[in-house]
Amino acid sequence: MRVSLFITCLVDQLWPSVGTSAVEVLRRAGCEVVFDERQTCCGQPAFNTGYRAEARRLAERFIGIFEESGSDAVVSPSGSCTAMAHHFHALFD
């Protein structure tokens, strides 16, 4: 299985070892892990503070990047950012 790893802004800035550990676990599970360095924030901070237009722009970027990956799944070591991806529909008509 080919998976795209979404490393959140929080992991990237504060706990990068979480990202490398996630890669290790996924590889041990037999996954091919891909990582696109263009990825940025999922938009959760903007969404939670009412900045819907800004959150939508980040959601559009997120969706575009991960659609291009050709992966079977997107995996993230963050429950809250994963939950945000499930709320993307609220940002679009």
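Quick caveat: nothing in here was measured; it's all calculated off a predicted structure.
- Taken together through direct or relayed side-chain contacts under 4.5 Å among Ile, Leu, Val, Met, Phe, Trp and Tyr, Val23 and Met1 form part of one hydrophobic cluster.
- For the atom pair CH2 (Trp15) and OG (Ser21), the distance works out to 13.5 Å, reported to the nearest 0.5 Å.
- For Arg38, the salt bridge (Lys or Arg N to Asp or Glu O under 4.0 Å) partners two or more places apart in sequence, or in a different chain, are Asp36, Glu68.
- Annotation: the span from Leu26 atom CG to Arg2 atom CZ amounts to 13.5 Å, rounded to 0.5 Å.
- Take Arg52 and apply the salt bridge (Lys or Arg N to Asp or Glu O under 4.0 Å) test, not counting sequence neighbours, and it matches no residue.
- Residue Ile7 holds its CD1 atom at 13.5 Å from OG1 of Thr40, rounded to the nearest 0.5 Å.
- One distance of note links OG1 of Thr8 with CE of Met84; it measures 13.5 Å at 0.5 Å rounding.
- Put simply, the side chain of Ser76 gets close to the backbone of Phe6: a donor and an acceptor are under 3.5 Å apart.
- The backbone N or O of Leu5 lies less than 3.5 Å from a partner atom in the side chain of Gln39, making a donor-acceptor pair.
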Please assess Val3 against Ser71 for the test side chain to side chain contact (heavy atoms under 4.5 Å, CB included), listing each intermediate value before the final yes or no.
CA-CA 5 Å; Val3 299; Ser71 296; 5.5 Å; no
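- Checked against the 6.0 Å centroid threshold, Phe66 and Phe62 count as a close aromatic pair.
- Clustering ILVMFWY residues whenever any of their side-chain heavy atoms sit less than 4.5 angstrom apart, transitively, puts Val75 in the very cluster that holds Phe35.
- Between atom CD1 of residue Ile65 and atom CD of residue Glu37 there is a gap of 11.5 Å, rounded to the nearest 0.5 Å.
- Cluster annotation: Val74 and Leu91 are assigned to the same hydrophobic cluster (Ile/Leu/Val/Met/Phe/Trp/Tyr, side-chain heavy-atom contacts under 4.5 Å, transitive).
- A distance of 9.5 Å separates CD1 of Ile63 from CZ of Arg56, quoted to the nearest 0.5 Å.
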